[in-house]
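Keep in mind that this is a model prediction, so the values were computed, not measured. Here is the naming used below: chain letters follow the sequence lines, and residue numbers restart at 1 for every chain.
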Amino acid sequence: MKYWLMKSEPDVFGIDHLAKMPKKTEHWDGIRNYQVRNMMRDEMKKGDLVLFYHSNCKEPGIVGIARIVKEAYPDFTAFDPKEKYYDPKSEPENPRWLMVDVQLVRKFKRTISLQELKSYKTLSEMIILRRGNRLSITPVSKKHWDFILKLENKNKKA
DNA sequence: GCCAACGTTGGC
DNA sequence: GCCAACGTTGGC
């Protein structure tokens with residue numbers, strides 16, 4: 001089983017949106033980056049666990065855990081001209097873009113902020129912390145995963 | 001196949 | 001809102 005981190009803008013689709021979906025499940029559409037698509041297609045498996053990350057907001061950071069409940073399949077929003085992420089080059093017969101379904105496992109008791117994540121030496125190699133990183137989905141090592149889960153119950157580092 | 005121009009991401 | 005970093009596009 002693998003671990004991942006998935007970014008989302010809370011103003012667009014945050015963890016509270018996911019919590020309100022039927023079965024707390026939603027398809028993760030809008031991926032329009034080849035590197036990320038290939039990871040979804042080749043490496044993401046049902047049952048993999050995900051750190052849900054809020055980006056582009058007041059307090060960016062990890063807010064909870066989700067689970068992959070459906071493996072990569074065509075992102076149908078790419079076929080619809082009315083959709084924000086419509087891509088005329090992706091045809092239903094030959095879909096260019098994929099998505100997965102994620103289900104909320106639980107929301108953290110607190111946000112583990114980006115600022116806090118940066119303060120731990122153990123996490124210094126995390127992809128999300130690397131300069132200029134823009135991938136919306138990144139793999140997370142077991143070491144980092146375990147460390148982050150323990151942080152939830154700690155007092156926030158000053 | 002190079003690379004400049006452009007668009008997007010996302011922290012600050 | 002700014003801007004650095006990066007991906008994509010398209011002319012040549």
Side-chain angles (χ1 to χ4, degrees), chain A residues 2-21 26-44 48-66 68 72-102 104-105 107-141 143-145 147-149 151-152 154-158:
Chain A
K2 289 198 165 76
Y3 301 99
W4 305 93
L5 180 143
M6 294 169 87
K7 291 184 199 170
S8 192
E9 302 188 15
D11 293 343
V12 181
F13 189 83
I15 196 159
D16 292 328
H17 293 98
L18 185 58
K20 282 178 193 145
M21 299 305 294
E26 179 62 307
H27 50 263
W28 202 268
D29 60 28
I31 298 292
R32 299 290 179 270
N33 171 288
Y34 291 104
Q35 236 180 305
V36 174
R37 180 203 66 184
N38 294 347
M39 275 193 298
M40 282 198 298
R41 182 190 62 199
D42 303 332
E43 297 180 54
M44 262 192 170
D48 283 1
L49 292 170
V50 175
L51 296 170
F52 199 111
Y53 179 92
H54 279 172
S55 69
N56 215 353
C57 58
K58 201 169 177 187
E59 192 184 28
I62 297 166
V63 292
I65 302 172
I68 304 298
Y73 63 104
D75 181 343
F76 50 77
T77 68
F79 308 142
D80 184 350
K82 291 192 290 293
E83 288 284 345
K84 184 184 175 194
Y85 292 107
Y86 171 59
D87 182 354
K89 284 175 261 179
S90 183
E91 296 160 355
E93 314 79 68
N94 185 24
R96 174 177 297 206
W97 302 114
L98 303 172
M99 59 186 171
V100 295
D101 285 359
V102 300
L104 182 67
V105 174
K107 192 176 166 175
F108 280 166
K109 288 173 231 161
R110 67 184 187 92
T111 297
I112 302 167
S113 71
L114 177 63
Q115 193 191 8
E116 182 181 352
L117 294 171
K118 282 179 178 169
S119 73
Y120 300 111
K121 199 160 176 252
T122 314
L123 301 178
S124 60
E125 297 298 313
M126 266 191 94
I127 298 171
I128 187 81
L129 301 180
R130 285 188 204 153
R131 191 155 203 255
N133 158 64
R134 291 173 47 193
L135 298 179
S136 60
I137 302 180
T138 50
V140 173
S141 71
K143 177 178 130 187
H144 292 158
W145 175 273
F147 186 84
I148 288 164
L149 285 211
L151 291 178
E152 185 191 359
K154 270 192 190 170
N155 288 324
K156 194 170 178 177
K157 214 175 177 182

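- Using a 30° and 60° split on the angle between ring planes, Phe147(A) and Tyr120(A) fall in the perpendicular class, above 60°.
- Every residue two or more places apart in sequence or in another chain that forms a side chain to side chain donor-acceptor pair (under 3.5 Å) with Tyr73(A) is listed here: Asp101(A).
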Name the pairs: protein N/O against N/O of nucleotides 7-10 of chain C, kept only if under 3.5 Å.
unit_1, atom_1, unit_2, atom_2, d
dT9(C), OP1, Lys89(A), NZ, 3.4

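- Here the options are Thr138(A), Leu114(A), Val63(A), the test is side-chain contact (heavy atoms from CB on, under 4.5 Å), and the partner is Tyr53(A); only Leu114(A) passes.
- With Ser113(A) contributing its side chain and Glu59(A) its backbone, the two residues share no donor-acceptor pair below 3.5 Å.
- Judged as a side chain to side chain contact (heavy atoms under 4.5 Å, CB included), and not counting sequence neighbours, the contacts of Glu91(A) are Glu93(A).
- Using a 4.0 Å cut-off between a side-chain N of Lys or Arg and a carboxylate O of Asp or Glu, Glu116(A) and Arg110(A) qualify as a salt bridge.
- Asp16(A) pairs by the side chain to side chain contact (heavy atoms under 4.5 Å, CB included) definition with Lys107(A), not counting sequence neighbours.
- Using bins of under 30°, 30° to 60° and over 60° for the plane-to-plane angle, the ring pair Phe52(A)/His54(A) lands in the perpendicular bin.
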Distances under 3.5 Å between protein N/O atoms and the N/O atoms of nucleotides 1-3 of chain C, please, pair by pair.
none

Checklist entry - Going through the checks in order, is the salt bridge (charged side-chain N to carboxylate O under 4.0 Å, His left out) test met by Glu125(A) and Lys143(A)? => result CA-CA 11 Å; Glu125(A) 297 298 313; Lys143(A) 177 178 130 187; over 6 Å; no
Exercise. Would Ile68(A) and Val102(A) count as a side-chain contact (heavy atoms from CB on, under 4.5 Å) if you check the C-alpha gap in whole Å, the side-chain angles of each, and the deciding distance to 0.1 Å?
Worked result: CA-CA 5 Å; Ile68(A) 304 298; Val102(A) 300; 3.9 Å; yes
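- Taken residue by residue, residues 124-132 of chain A places heavy atoms nearer than 4.0 Å to DNA chain C at Arg131(A), Gly132(A).
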